Amino acid sequence: MKNNTDCVTKVTSSHWGAFEVDVRDGRIVGTRPFSEDPCPSAIPEILPKAVHHPTRVARPSVRRGWLENRDKTGRGSDTYVELPWDEALDIAAAEIARVRETHGNEAIFGGSYGWGSAGRFHHAQSQVHRFLNATGGYVASFGSYSTGCAQAIMPHVFGVPFLNLNYEHQDGWHTIAAHTETLVMFGGVNPKNSQVSMGGVTRHETAGWFETFASKGMRCINIGPQRSDAPDGCEWVPLRPGSDTALMLALAYVLEAENLTDQDFVARCTTGFDRFRPYLMGETDGTSKSPDWAAPLCGVDPETIRSLARRMAATRTLITVAWSLQRAEHGEQPFWMSAVLAAMLGQIGLPGGGVGYGYGAIGGVGKSFKGLTGVTFSQGQNPVQKVIPVARVGDMLRHPGQAYAFNGRRETYPDIRLVYWAGGNPFHHHQDLNALHDAWQRPETIIVNEPWWTATAKRADIVFPATTPYEREDIGRSNLDDYLFYMPQLISPVGEARDDYVIFAGLAERLGVGATFTEGRGADEWLRLLYDEYRQKTQQQGVDVPDFETLKDQNWVRLPIHKDGPNRTLFAPFREDPEASPLPTPSGKIEIFSEVIDSFGYDDCPGHPVWLPPSEWLGTATHRAPLHLVSPQPGDKLHSQLESALADEEGARPETIVIHPVDAGQRKIKTGDLVRVFNDRGACRARALVSIDISQGVVALPTGAWFGDPGGNIDMDGNPNVLTRDVGTSSLGQGCSAHTALVDIAPL
């Protein structure tokens, strides 16, 4: 901690890393990079303005129409009445009790996306779920928008939970640098995305590793619609979005046609190649998946495909797949097919070879650490068994009682009467926001804990002002990082904001479950208890951490858990002896053909990887909206956090859309022009950036702008999710299909 006569500086942590914070006269007045971060994120620069922004929720607020007559239809357009805390808590508790007693706990949906704070106690998702579990349970969700589809498909292929595969069992950067000769990146490895990580990434190293790769002569190939999806210096193979599976099939075809498939590995370590090969070679459907077949689908010329396949077979090759590929219709297929392609190369289990997922998606993937127990606030047990795929919230609200398929099961959507959301903004990350706005009118009550008047807060009936991480103390610790932080309370709560824990404790007390939720402890007592439990467990694992008061005094420590050398992947012992070290799949091997998936009978996800064109490529949609929209993560914030302050910056809004010169010329658009981006689902305003670093026929509009007016009005700040499709990836994964959207653009 630094002090001068009128300013105090402390270090805190966040999902985008650690940084120094200057506080003067009870206000955050500045931020600076953390001294040990080689490539710090610029996101914190806007923090002082955001924390004290006029869009902060000042007091408990109840929507006027709901308060006066329980009207549901004014969400998004109504005014609010500010109430004292006790009165607002009384009203909310009575409404929760009414819904429970009248409709049961299956009528309550607990929404939270988990990105609210890097702190381990004041973790909004844990807080709201613990509260709802204490009151009898809630309808939960499976997966995330970033990985939900992959979380469904990949355990069938490798037998390992997808997130465990990402975080624990893949090659680290050291291993890749030491062994990989060819790095083939489907969807790139974007340093912009890797500036954030769940719970924080203290040392941002992705860009530095690519400099190391270049110095070693590694050939790094970025396959995707944007050159900027990989660091400077990488080769770029422009690809039509949604066509990765077609290209992978063509690469596999070359391997098989030219006798480059590692037949020994396929025989020892996989099952079902005999079922897949006839499809690949065209024996079952009359269409060989050759480079000539794939070229018009993916936009890559046949000779480039052949040359790449031959190099991949001749060198130590690591295939990486960005999470973004599963955020599309049939998103299961490129993930499954990438595993098949890697198996045919025969390099799975070799250091620096095989296939990896999510490099660059967040900063923690690629780092190698000794695993440690985390600091965890228990959510308790949920008595309600109903769970929906996370991206199917809109369908759930629109179609109560409707049956749907999911990963081999037949389920029905619950009839949700009350939604409680804390730590997230679905009107940022969900698809087809105009349709979600309409569906949002159906529940009887929506309650939100939120620091700012986001689009979600403006569509709630009861809004409780919540503190930001800078207005409370916490512990910052991620299993994907080797730093441990005491996160100090930097300022007093803004307005009448309260911690989520205090809000839920007040509601729990009114509902008669106060002791169950709090166990008689205040937040400070919980924090010390959880930390002491964490400290004891780390000592049992051979790692000493300071006691709580010492950590508080030091502010942060670096833990001795970083691995500076190559790691040994999960698949190494399997490769060496598949019988002695089988995978936890039904066959014990990599499942090129899955009997389990085949038994589901899904036309949109059969028993082996296949090429399934996105439905918007078919029919008349392409003629009405000829440009393929991708909606990447923003570079200036995490999701939609801090957006209120960023939107005030001159020229920052509307958001920038990147367009190829040919597409721009056809529409008489130049850089800096305001444009209308539109399709049958909606329209938004954007500012054009004409660039050769995007594929022709593709436009890129980042997410993060706060959603504005619903219906037929144009979204003025440029939220791409007024344009994206709210359909499941398939009957198996039911993930989000954000990157399967077609649009057109016109000057304003």
Side-chain angles (χ1 to χ4, degrees), residues 10-19 21 28 44 47 50-51 56-57 85 110-134 196-200 374-380 420-425 447-452 454 457 463-479 481 483-508 517-519 521-534 548 551-552 555-556 638-639 641-642:
K10 297 181 180 180
V11 172
T12 193
S13 186
S14 70
H15 293 300
W16 50 86
F19 54 97
V21 184
I28 296 176
L47 186 74
V51 169
R56 287 293 299 267
V57 181
W85 265 104
S112 178
Y113 207 48
W115 283 100
S117 170
R120 299 314 306 148
F121 174 69
H122 294 289
H123 180 239
Q125 187 180 72
S126 298
Q127 295 283 345
V128 66
H129 290 172
R130 179 183 175 92
F131 164 71
L132 292 174
N133 284 336
V196 302
S197 192
M198 285 83 76
V375 183
T376 304
F377 184 47
S378 173
Q379 299 182 17
Y420 204 131
W421 213 284
N425 181 11
I447 307 174
V448 169
N449 294 3
E450 177 59 55
W452 291 276
T454 65
V463 183
F464 290 122
T467 54
T468 68
Y470 318 103
E471 298 156 47
R472 60 206 184 206
E473 66 172 348
D474 212 333
I475 297 296
R477 169 75 185 108
S478 167
N479 290 339
D481 196 42
Y483 285 76
L484 174 67
F485 293 90
Y486 169 74
M487 298 170 61
Q489 180 179 349
L490 298 166
I491 59 173
S492 298
V494 172
E496 295 184 13
R498 293 183 179 180
D499 299 345
D500 289 306
Y501 180 76
V502 175
I503 297 170
F504 289 127
L507 291 171
F517 179 75
T518 68
E519 297 183 22
R521 299 184 183 93
D524 57 338
E525 295 170 295
W526 269 115
L527 197 59
R528 283 155 178 77
L529 174 65
L530 296 177
Y531 184 80
D532 287 344
E533 291 175 348
Y534 165 74
F548 186 84
L551 178 65
K552 185 174 180 178
N555 204 168
W556 60 270
L638 169 60
H639 298 312
Q641 291 186 31
L642 313 180

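Side chains are part of it too, since the values below use all heavy atoms of this structure and drop only hydrogens, waters and symmetry mates. Fair warning: this is a prediction, and the values are worked out from it, not measured in the lab.
For the pair Pro465 and Ile503, the tightest heavy-atom approach, listed with the atom from each and the gap, is O-CD1, 4.0 Å. In terms of heavy atoms, Ala457 sits closest to Val463 at O-CG2, 3.5 Å. Across all their heavy atoms, Phe485 and Ala18 have their closest contact at CZ-CB, 3.5 Å. Shown here for Val128 and Ala422, the closest heavy-atom pair between the two residues is CB-CB, 4.1 Å. Counting all heavy atoms, side chain and backbone alike, Ala118 lies closest to Gly199 at CB-O, 3.8 Å. When all heavy atoms of Asp481 and Gly200 are compared, the closest pair comes out as CB-O, 3.7 Å.
Residues Phe19 and Thr12 have side chains in contact (heavy-atom distance under 4.5 Å, counting atoms from C-beta outward). Residues Leu527 and Leu530 have side chains not in contact (no heavy-atom distance under 4.5 Å, counting atoms from C-beta outward). Proximity of Gln641 to Trp16: side-chain heavy atoms (C-beta onward) are separated by under 4.5 Å at one or more points. Put simply, the side chain of Ser13 does not reach to within 4.5 Å of the side chain of Tyr483, judged on heavy atoms. With contacts defined as side-chain heavy-atom distances shorter than 4.5 Å, the pair Leu529/Arg521 qualifies. Counting heavy atoms from C-beta on, the side chains of Phe131 and Asp500 never come closer than 4.5 Å. Side-chain contact check for Arg498 versus Thr467: every heavy-atom pair is 4.5 Å or farther apart. Looking only at side-chain heavy atoms (C-beta outward), Leu490 and Val51 stay at 4.5 Å or farther from each other.
Listed by chain and number, the residues in a side chain to side chain donor-acceptor pair (under 3.5 Å) with Tyr420 are Asn449 (sequence neighbours excluded). Shown here are the side chain to side chain donor-acceptor pair (under 3.5 Å) partners of His123, two or more places apart in sequence or in another chain: Ser126. Taking Glu471 as the reference, Arg56, Thr468 meet the side chain to side chain donor-acceptor pair (under 3.5 Å) condition, with sequence neighbours excluded. For Glu533, there are no side chain to side chain donor-acceptor pair (under 3.5 Å) partners at least two apart in sequence or on another chain. Not counting sequence neighbours, the partners of His129 by the side chain to side chain contact (heavy atoms under 4.5 Å, CB included) test are Ser112, Gln125, Tyr138, Gln379. A search for side chain to side chain contact (heavy atoms under 4.5 Å, CB included) contacts involving Ser197 returns Val201, Ile362, Leu480, not counting sequence neighbours.
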Run the ring pair (Phe, Tyr, Trp, His ring centres under 6.0 Å) check on Trp556 and Tyr486 step by step: do they pass?
CA-CA 6 Å; Trp556 60 270; Tyr486 169 74; over 10 Å; no
Stepwise side-chain hydrogen bond (donor to acceptor under 3.5 Å, both in side chains) check, Thr454 with Trp452:
CA-CA 6 Å; Thr454 65; Trp452 291 276; over 6 Å; no
After noting the C-alpha distance and the side-chain angles of Leu551 and Leu484, does the key distance pass the side chain to side chain contact (heavy atoms under 4.5 Å, CB included) rule?
CA-CA 9 Å; Leu551 178 65; Leu484 174 67; 4.0 Å; yes
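To the nearest 0.5 Å, atom NE2 of residue His639 and atom NE2 of residue His15 are 8.5 Å apart. A distance of 5.0 Å separates CD in Gln127 from CZ in Phe377, rounded to the nearest 0.5 Å. To the nearest 0.5 angstrom, Asn555 atom CG is 10.5 Å from Met487 atom CE. Taken to the nearest 0.5 Å, the CD1 atom of Ile447 stands 7.0 Å off from the CG atom of Leu507. Taking CD of Glu473 as the start and CD of Gln489 as the end, the distance is 7.5 Å to the nearest 0.5 Å. Here CZ of Arg120 is found 6.0 Å from OG1 of Thr376. Values are rounded to the nearest 0.5 Å.
The closest donor-acceptor contact from the side chain of Arg130 to the backbone of Ser378 lies under 3.5 Å.
Phe121 pairs with exactly one of Tyr531, Tyr534, Tyr501 by the ring pair (Phe, Tyr, Trp, His ring centres under 6.0 Å) rule, that one being Tyr501.
Between Trp85 and Phe464, the ring-plane angle classifies as parallel under the 30° and 60° cut-offs.
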